[in-house]
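Every chain is numbered from 1, with letters handed out A, B, ... down the list of sequences.
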Amino acid sequence: MDAGQTGHVFIALASHPDGALLSPLDDAGEPAGEATVLARAALPAEVSRREFTSDRSSKDAADRPRWVWDDTTTWYPPLLAAGVRVERCVDLRLSHAILRNSELTAQTPLARAVRNGWDEPTPEDQAQPRDGSRGVDEGLFDLEPEPGSERTSALPDPVAEFRLQREAVAASDDPARIGLLLAAESAGALVAAEMQFAGLPWRAELHDRLLTELLGPRPKPGERPAKLAAVLERVRDALDAPELNPDSPVELMKTLQRAGLMITSTRSWDIKKLRHPVVEPLLEYKKLARLLSANGWHWLDANVRDGRFRPDYVVGGVVTGRWASKGGGGALQLPKQIRGAVVADPGFKLVVADASQLEPRILAALSGDAAMAEAGRAKDMYAAIVARGAVKTRDHAKVAMLGAMYGATTGESGRLMPALAKAYPRAIGLVENAARAGERGEVVTTRLGRSSPRPGANWRELQAAAYGESSTDADASRARGQARSWGRFTRNFVVQGTAAEWALCWMATLRGALRELGGSAWLTDAPHLVFFLHDELVVHSPAAMTDAVVAAIGSSAIEAGRLLFGSTPVEFPLSIAVVDSYADAK
DNA sequence: TCGTGTCGCGCC
DNA sequence: AAAGGGCGCGACACGA
């Protein structure tokens with residue numbers, strides 16, 4: 001992957017009454033050839049032609065096109081469905097969101113412009129009744145949309161926007177970093193579309209078997225499965241409450257209190273601390289009930305088709321730059337209990353890789369703390385922290401590092417902080433500074449230039465009021481609490497956000513390597529990404545090619561570290577497993 | 001009966 | 001071993 005700074009051919013795609021308008025552009029977004037109009041139906045063939053007439057074997061990639069479009073989620077799926085992949089793109093909507101907020105581009109015309117269509121969420125996110133029905137009052141002022149024009153008016157001219165974006169990058173405090181971030185984000189958008197197209201291999205019959213083992217056979221609608229019902233009876237007996245419905249927190253809390261238990265919540269973690277015969281069956285009930293409602297037969301029916309689970313990934317859906325998912329899938333929360341349903345196709349393997357202790361390593365590299373970076377060279381960073389003598393045990397090292405990144409102040413984690421700060425002053429100083437900035441309402445920024453949002457109007461009013469003459473102690477206390485809370489957010493933002501950048505670079509680099517490995521084979525016949533979970537990814541690969549895939553995953557991780565940090569002593573080790581079933585990884 | 005808010009819990 | 005960050009979702013609670 002590269003930052004797209006120089007030498008590339010850009011081709012903007014825009015909706016047009018007759019189909020699509022193709023506009024060749026140069027680095028600055030100025031016309032670099034004649035614009036042409038194509039019928040939509042002719043677009044895949046033309047995109048394919050432009051991709052393949054590029055000289056793939058050349059080391060100089062200057063003539064490979066970079067497709068410039070408003071939104072990857074609207075342009076790319078139809079191309080994939082037509083059997084056409086693209087190598088690179090510029091996703092203007094995602095790029096705009098980054099440039100609009102980044103401290104690195106704050107002084108540019110793009111960032112200073114009034115909010116416009118590019119600041120709106122992607123069209124799919126806008127309210128649309130799920131079942132297609134409309135309320136009676138809706139539509140009174142609706143005009144009949146012209147055929148094919150639904151999206152045309154959604155976003156302004158992509159060529160003008162692209163020009164503004166190139167200008168903003170060039171004028172930024174660090175064009176290489178922000179350029180890399182935009183390239184990585186756009187590559188992520190391509191991966192997300194390709195992963196949804198390919199789908200995660202999912203064996204419904206194995207899922208059903210897992211559910212049956214844990215819950216009992218699939219019950220009639222409205223009934224509890226047998227094993228869940230049995231556990232429920234044990235809960236009711238233990239509390240002498242034959243009608244109890246533990247799914248109701250209110251009811252459960254009252255019943256527990258009636259049984260003499262001092263409790264103010266019904267969370268498993270709180271219930272675990274009680275000593276009462278109900279604890280064991282109740283925790284068991286909660287676990288099984290959760291499985292049934294979140295990933296039971298209903299989930300299976302709704303989300304798995306033709307042996308594939310195809311989640312909706314939302315690139316940049318989290319303010320820190322992590323991905324989110326939407327729809328009933330819950331793709332980023334797949335419980336370990338059901339991962340046994342994810343099984344490679346015949347002749348294929350799953351290559352599952354995750355970055356070990358990613359966030360503490362990111363902090364070490366980001367801060368340039370030589371002592372922590374030294375620990376960050378080790379395969380087990382926490383053990384290395386113990387070896388330095390900062391803390392006594394590996395568990396302490398882990399809890400202390402988590403506390404440093406999340407902002408723990410109390411408990412064991414809080415008590416360990418002074419020792420950690422003494423051993424690693426620069427690293428801890430970095431997160432402390434980020435926290436103080438947040439408490440003052442200021443913005444913090446990741447390694448590549450993604451900036452945190454500013455706190456909302458309520459927060460600012462609360463802070464201002466705390467300093468007013470009529471403020472009470474309660475006002476001041478509440479304001480302090482809110483300020484610290486925002487500080488914990490900005491503290492975590494720099495680490496989580498930079499880790500997300502590392503993961504994006506890792507995945508984008510790997511995507512390119514897998515494409516090389518696949519040669520002329522179509523996406524799903526060659527090794528291809530099928531899942532991504534913050535610091536973990538899964539490649540579905542022909543069994544004969546897994547050695548090469550493992551090597552590519554490793555070299556991509558090294559490249560990601562180099563892209564973000566240049567030369568750093570910190571290493572980013574992976575644990576990689578080649579398996580048939582996802583449940584067998586780790 | 002509906003939409004919205006809260007809780008609890010899955011993942012990192 | 002702690003209760004600190006980020007999410008999405010289902011179920012329940014509640015008010016219109």
(request) Answer yes when A/Glu432 and A/Arg491 have at least one side-chain N-carboxylate O distance shorter than 4.0 Å, and no when they do not. (result) yes
(request) Return the value, rounded to whole Å, for the distance between atom CD of A/Glu251 and atom C1' of C/dC14. (result) 16 Å
(request) Any side chain to side chain donor-acceptor pair (under 3.5 Å) involving residues 277-286 of chain A? Give me the pairs, sequence neighbours left out, ordered by first then second residue. (result) A/Arg224-A/Tyr285, A/Arg234-A/Glu280, A/Asp247-A/Tyr285
(message) In whole Å, I'd like the distance from the OH atom of A/Tyr313 to the P atom of C/dG8.
(response) 15 Å
(message) So A/Arg415, base contact, sugar-phosphate only, or nothing? Heavy-atom distance under 4.0 Å.
(response) nothing
(request) Check the distance between C/dA1's C1' and A/Tyr406's OH and give it to me in whole angstrom. (result) 16 Å
(message) Applying a 4.0 Å non-hydrogen cut-off, can you work out what A/Arg267 is touching in the nucleic acid: base, sugar-phosphate, or nothing?
(response) sugar-phosphate
(request) Send over the distance from A/Trp299 CH2 to C/dA11 P, rounded to a whole Å. (result) 15 Å
(message) For A/Trp299 and A/Phe309, I'd like to know if the aromatic rings sit close, meaning centre-to-centre distance below 6.0 Å.
(response) yes
(message) So A/Asn245, base contact, sugar-phosphate only, or nothing? Heavy-atom distance under 4.0 Å.
(response) sugar-phosphate
(request) Specify the separation, in whole Å, of atom CD of A/Glu536 and atom P of C/dC7. (result) 20 Å
(request) Look at all strands and tell whether A/Val495 reaches a base, only sugar-phosphate, or nothing, counting heavy atoms closer than 4.0 Å. (result) nothing
(request) Quickly work out the A/Phe532 CZ to C/dC7 P distance and round it to whole Å. (result) 16 Å
(request) Would you mind telling me which of A/Val579, A/Leu537, A/Val538, A/Ile576 makes a side chain to side chain contact (heavy atoms under 4.5 Å, CB included) with A/Val351? (result) A/Ile576
(request) Hey, which sits more toward the 5' end of DNA chain C by its nearest nucleotide, A/Arg290 or A/Val250? (result) A/Arg290
(message) Using a 4.0 Å heavy-atom cut-off, does A/Leu334 contact any base of the nucleic acid, only the sugar-phosphate backbone, or nothing at all?
(response) sugar-phosphate
(message) Using a 4.0 Å cut-off to any heavy atom of chain A, which nucleotides of DNA chain B are the first and last in contact, reading 5' to 3'?
(response) B/dG8 to B/dC12
(message) We want to know whether A/Gln496 and A/Thr320 form a side-chain donor-acceptor pair, criterion being a heavy-atom distance below 3.5 angstrom.
(response) yes
(request) Please list residues of residues 485-493 of chain A whose heavy atoms come under 4.0 Å from any atom in DNA chain C, ordered by number; otherwise none. (result) A/Arg488, A/Phe489, A/Asn492
(request) Go through A/Glu103 and A/Arg177 one step at a time and tell me if the salt bridge (Lys or Arg N to Asp or Glu O under 4.0 Å) criterion holds. (result) CA-CA 12 Å; A/Glu103 280 186 301; A/Arg177 283 190 191 182; over 6 Å; no
(request) Under 4.0 Å from any atom of DNA chain C, heavy atoms only: list the residues of residues 389-402 of chain A that qualify, in numerical order. (result) A/Asp395, A/His396
(request) Rounded off to whole Å, could you give me the NZ-to-C1' distance for the A/Lys286 and C/dC12 pair? (result) 12 Å
(request) In plain terms, say whether A/Glu412 and A/Lys392 are close enough for a salt bridge, that is, a side-chain N and a carboxylate O under 4.0 Å apart. (result) no
(request) Assign A/Thr409 to base, sugar-phosphate, or nothing according to its heavy-atom contacts below 4.0 angstrom with the strands shown. (result) nothing
(request) Give a yes or no answer on whether the side chain of A/Ser452 reaches the backbone of A/Val444 with a donor-acceptor pair at less than 3.5 Å. (result) yes
(request) Indicate yes or no: does A/Arg236 engage A/Glu233 in a salt bridge with an N to O separation below 4.0 Å. (result) yes
(request) With sequence neighbours excluded, tell me which residues meet side-chain contact (heavy atoms from CB on, under 4.5 Å) with A/His298. (result) none
(message) Without decimals, in angstroms, what is the distance between A/Asn295 CG and C/dG8 P?
(response) 16 Å
(message) Quick test of your reading: applying side chain to side chain donor-acceptor pair (under 3.5 Å), list the pairs with at least one residue in residues 187-204 of chain A, sequence neighbours left out, ordered by first then second residue.
(response) A/Tyr76-A/Glu194, A/Arg85-A/Glu194, A/Glu194-A/Arg511, A/Gln196-A/Asp312, A/Trp202-A/His207, A/Arg203-A/Glu205
(request) Please determine, by modelled atom types, if A/Asp395 and A/Thr393 share a side-chain donor-acceptor pair under 3.5 angstrom. (result) no
